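Take a look at the structure below.
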Amino acid sequence: MNKIISLFIFVLFFLALPISSKAESVVVSRKTALDTATKLVEKEEYQDAYDLLKTFAFDIDTYASERLEIERLFLIAECLTGLKRYNEAIALYQQMLDYNPKLTRIRIELAHLYFLKEEWYRAEKQYKFASADEMPADTLQFLNYQRYLARKNRKWNAWFSFGVAPDNNINNAIGGDQCILTVFGVLCRKLDEPKKAVGYNVNFGGNYEFGITDGVKLKAELANDINKYNISEYDETTTTFSIGPRFSFYNADIWLAGYYTKDWVDNAEYLSTDGVKLKTLFDFNKSYLWFNNSLSKTSYDDYPDISVDTYSLNTGYVYNFSSAFYLSLIYNYKHVSTQYAPHNENTYGLGGGYAFNNGLSIDLSWNRLFVKYKKERTYIKNLEIVELKENDTINNYSISLSNRHLDFYGFSPVITYTRQEKDSNIPERNIDKNLFNITLTRRF
């Protein structure tokens with residue numbers, strides 16, 4: 001009987017459209033159909049509601065009509081979910097977020113679908129975005145618990161990105177002359193001129209987690225980073241394999257792993273690294289705090305008498321003011337112990353990003369790296385041979401642009417410009433360079 005009544009209302013709706021001469025009448029009729037579809041969804045008559053909702057649409061030239069169109073799309077997505085057509089529903093929820101990234105209810109529903117599909121990384125990220133918006137305390141508590149379940153249930157993840165980038169100074173050279181005062185007068189030699197190169201980067205990998213007990217898994221990960229240029233001597237390939245236990249707690253995640261890295265330069269073996277790392281992540285309502293530690297030993301294939309011991313600490317904090325706006329702070333420390341050039345590195349950084357309603361997203365970052373060498377080495381400065389402890393300050397400025405409306409088989413293009421300025425007490429170390437990068441990355 002319900003289906004007969006629904007069909008009757010559906011027929012009346014379309015009979016009314018041709019005789020409605022005013023645009024206002026059409027809008028009212030569409031609103032009536034929307035109300036009818038809402039009642040059908042409440043009765044879980046998803047196919048009938050879906051058939052009705054697909055027959056009309058609202059223009060989005062005004063705020064009111066845009067709200068009605070989002071409501072129609074939301075009902076269609078509910079119907080698709082009820083019909084277990086999850087991929088179509090996900091695509092529709094993403095389309096709605098492209099209208100407005102601050103639609104919290106839509107983001108929660110999207111996260112729920114990823115949860116149902118056991119795409120735990122995507123589910124966790126969408127729950128996290130949603131948690132940044134204002135909501136009742138019980139809803140926020142629910143989202144926190146859902147994020148915990150997503151982290152605990154993670155089994156595997158895979159990633160892939162492809163980028164093309166020119167480099168205007170790939171050899172980090174300054175060019176010009178280097179001169180020294182001798183008994184024969186001033187003697188000079190030509191320094192290498194900056195080399196321009198065009199290349200591409202491919203980054204891909206994956207991990208799998210084997211269950212041990214509730215909240216404890218054995219995580220194995222393989223990551224690859226490939227850089228190819230039209231000047232082959234700068235080609236580099238890095239492969240890292242890591243394995244170790246991962247512990248999941250309500251608001252913390254810890255991974256202790258041993259790892260091995262192999263690096264090739266210009267298609268020849270270059271170096272190998274053995275190490276251990278500890279990654280710790282704390283998840284709060286609107287923010288993340290992380291501490292990553294690693295201890296490693298590096299050996300060079302062509303120089304067996306050289307080894308490098310490295311300890312590093314990477315820590316950072318990200319606060320989400322809303323699902324569309326975040327700020328971040330980072331601090332990194334590295335201690336490098338080697339026979340020839342022992343040094344410390346300290347990095348401080350700021351970052352932030354905002355997603356606009358028109359689909360554009362912008363991310364900005366700045367970091368300052370201080371490199372302080374502990375051992376004097378021989379240099380030429382002010383026409384003299386001197387012994388100096390090198391000190392470098394490197395500033396990196398970066399801006400990235402992307403658009404949510406652009407999607408190629410689940411990948412989104414990101415355009416990044418980076419400016420690097422290096423100031424050193426060794427003149428030959430001073431460089432300025434610009435980098436442009438266009439990357440296709442997996443859309444979350």
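Just so you know, these numbers come straight off a predicted model, no measurement behind them.
- Under 3.5 Å, the side chains of Asn227 and Glu236 contain no donor-acceptor pair of N or O atoms.
- Contact check on Asp274 versus Lys297 returns no salt bridge, with no Lys/Arg side-chain nitrogen under 4.0 Å from an Asp/Glu carboxylate oxygen.
- Annotation: cation-pi geometry not satisfied between Arg377 and Tyr379 (NZ/CZ under 6.0 angstrom from ring centroid, within 45° of ring axis).
- With sequence neighbours excluded, the residues that form a ring pair (Phe, Tyr, Trp, His ring centres under 6.0 Å) with Phe162 are Tyr200.
- Among residues two or more places apart in sequence or in another chain, the side chain to side chain contact (heavy atoms under 4.5 Å, CB included) test is passed with Glu119 by Tyr114, Lys117, Arg122.
- Remark: Glu71 pairs with Leu34, Thr38, Leu68 by the side chain to side chain contact (heavy atoms under 4.5 Å, CB included) rule, at least two apart or across chains.
- Ring geometry for His343 versus Tyr373: interplanar angle of 30 to 60°, hence tilted.
- Under the side-chain hydrogen bond (donor to acceptor under 3.5 Å, both in side chains) test applied with Thr238, the options Asp263, Asp225, Thr261 reduce to a single match, Asp263.
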Could you walk me through whether Ser402 and Ser412 pass side chain to side chain contact (heavy atoms under 4.5 Å, CB included), step by step?
CA-CA 8 Å; Ser402 60; Ser412 297; 5.8 Å; no

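- Annotation for Trp156: atom CH2 does not count as buried by contact number, only 12 or fewer foreign heavy atoms lying within 6.0 Å.
- For Arg368, the side chain to side chain contact (heavy atoms under 4.5 Å, CB included) partners two or more places apart in sequence, or in a different chain, are Trp366, Phe370, Thr393, Asn395.
- Considering only heavy atoms from C-beta on, Leu143 comes within 4.5 Å of Ser131 through its side chain.
- Between Phe249 and Phe247, the ring planes are parallel. Angles under 30° get that label, and only those over 60° would be called perpendicular.
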Run Arg105 and Phe74 through side chain to side chain contact (heavy atoms under 4.5 Å, CB included) and show every step you take.
CA-CA 10 Å; Arg105 172 69 187 281; Phe74 179 76; 3.6 Å; yes

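- With salt bridges taken as basic N to acidic carboxylate O contacts below 4.0 Å, none links Arg67 and Glu69.
- More than 12 heavy-atom neighbours from other residues, nucleotides or ligands sit within 6.0 angstrom of CD on Glu88.
- Side-chain atoms of Asn314 do not come within 3.5 Å of backbone N or O of Asn293 as any donor-acceptor pair.
- A donor-acceptor pair under 3.5 Å is formed between the side chain of Lys217 and the backbone N or O of Arg154.
- Using cut-offs of 30° and 60° for the angle between ring planes, the Phe204 and Phe160 rings count as tilted.
- Within the 3.5 Å criterion, the main-chain N or O of Thr280 finds no donor-acceptor partner in the side chain of Trp255.
- Side-chain atoms of Asn157 never come within 3.5 Å of backbone atoms of Gly206 as a donor-acceptor pair (strictly under, hydrogens ignored).
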Verdict with reasoning, Tyr333 to Tyr331, per ring-ring contact (aromatic ring centres under 6.0 Å, His included):
CA-CA 7 Å; Tyr333 170 78; Tyr331 170 71; 7.1 Å; no

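- Partners of Ser322 by side chain to side chain contact (heavy atoms under 4.5 Å, CB included), not counting sequence neighbours, listed by chain and number: Asp133, Ala324, Phe325.
- Contact check on Lys128 versus Glu124 returns no salt bridge, with no Lys/Arg side-chain nitrogen under 4.0 Å from an Asp/Glu carboxylate oxygen.
- The pair Arg147-Asp283 meets the salt-bridge criterion, since a charged nitrogen lies less than 4.0 angstrom from a carboxylate oxygen.
- In summary, Lys372 and Glu390 do not engage in a salt bridge, as defined by a charged side-chain N under 4.0 Å from a carboxylate O.
- A side-chain donor from one of Ser312 and Ser294 sits under 3.5 Å from a side-chain acceptor of the other.
- Under the ring pair (Phe, Tyr, Trp, His ring centres under 6.0 Å) criterion, Phe284 pairs with no residue at all, not counting sequence neighbours.
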Might you work through the side chain to side chain donor-acceptor pair (under 3.5 Å) test for Asn344 and Asn346, ending with a clear yes or no?
CA-CA 7 Å; Asn344 292 331; Asn346 289 275; over 6 Å; no

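- A side-chain donor from one of Asp392 and Ser424 sits under 3.5 Å from a side-chain acceptor of the other.
- Every residue two or more places apart in sequence or in another chain that forms a side-chain hydrogen bond (donor to acceptor under 3.5 Å, both in side chains) with Asp35 is listed here: Lys31.
- The distance from the CD1 atom of Ile170 to the CG atom of Asn230 is 8.0 Å, given to the nearest 0.5 Å.
- Sorted by first then second residue, the salt bridge (Lys or Arg N to Asp or Glu O under 4.0 Å) pairs that include residues 312-341, not counting sequence neighbours, number zero.
- The CG atom of Asp214 lies 4.0 Å from the NZ atom of Lys152; values are rounded to the nearest 0.5 Å.
- Dense packing is recorded around NZ of Lys374, with more than 12 heavy atoms of other residues, nucleotides or ligands lying under 6.0 Å away.
- Judged purely by atom type and a 3.5 angstrom limit, Asp266 has no side-chain atom pairing as donor or acceptor with the backbone of Ala268.
- Checking Ser400 against Thr416 by side-chain atom types alone, a donor-acceptor pair falls below 3.5 Å.
- A salt bridge links Glu233 to Lys195: at least one charged side-chain nitrogen sits closer than 4.0 Å to a carboxylate oxygen.
- For the salt bridge (charged side-chain N to carboxylate O under 4.0 Å, His left out) test, no residue two or more places apart in sequence or in another chain qualifies with Asp192.
- A cation-pi geometry, defined here as NZ or CZ lying under 6.0 Å from the six-membered ring centre and within 45° of its normal, does not hold between Arg246 and Phe210.
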Derivation of the salt bridge (Lys or Arg N to Asp or Glu O under 4.0 Å) call for Arg107 and Glu109:
CA-CA 5 Å; Arg107 199 173 291 280; Glu109 294 295 334; over 6 Å; no

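- Ser242 and Lys277 form a side-chain donor-acceptor contact under 3.5 Å, judged by distance and modelled atom types alone.
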Run the side chain to side chain donor-acceptor pair (under 3.5 Å) check on Ser161 and Asn203 step by step: do they pass?
CA-CA 5 Å; Ser161 68; Asn203 184 280; 4.5 Å; no

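- When the ring pair (Phe, Tyr, Trp, His ring centres under 6.0 Å) test is applied to Phe115, the partners found at least two apart in sequence or on another chain are Trp120.
- By the ring pair (Phe, Tyr, Trp, His ring centres under 6.0 Å) test, Tyr250 is found to be paired with Tyr148, residues two or more places apart in sequence or in another chain being considered.
- With salt bridges taken as basic N to acidic carboxylate O contacts below 4.0 Å, none links Glu42 and Lys39.
- Aromatic ring orientation, Tyr270 versus Tyr300: perpendicular (interplanar angle above 60°, classes split at 30° and 60°).
- Atoms CG and OH, from Leu110 and Tyr127 in turn, are 9.5 Å apart once rounded to the nearest 0.5 Å.
- In summary, the aromatic rings of Phe321 and Tyr319 are positioned with their centroids under 6.0 Å apart.
- Residue pairs that meet the side-chain hydrogen bond (donor to acceptor under 3.5 Å, both in side chains) test with at least one member in residues 347-358, sequence neighbours left out, are Lys102-Tyr354.
- The CD atom of Glu78 sits 11.5 Å away from atom CG of Leu83, with the distance rounded to the nearest 0.5 Å.
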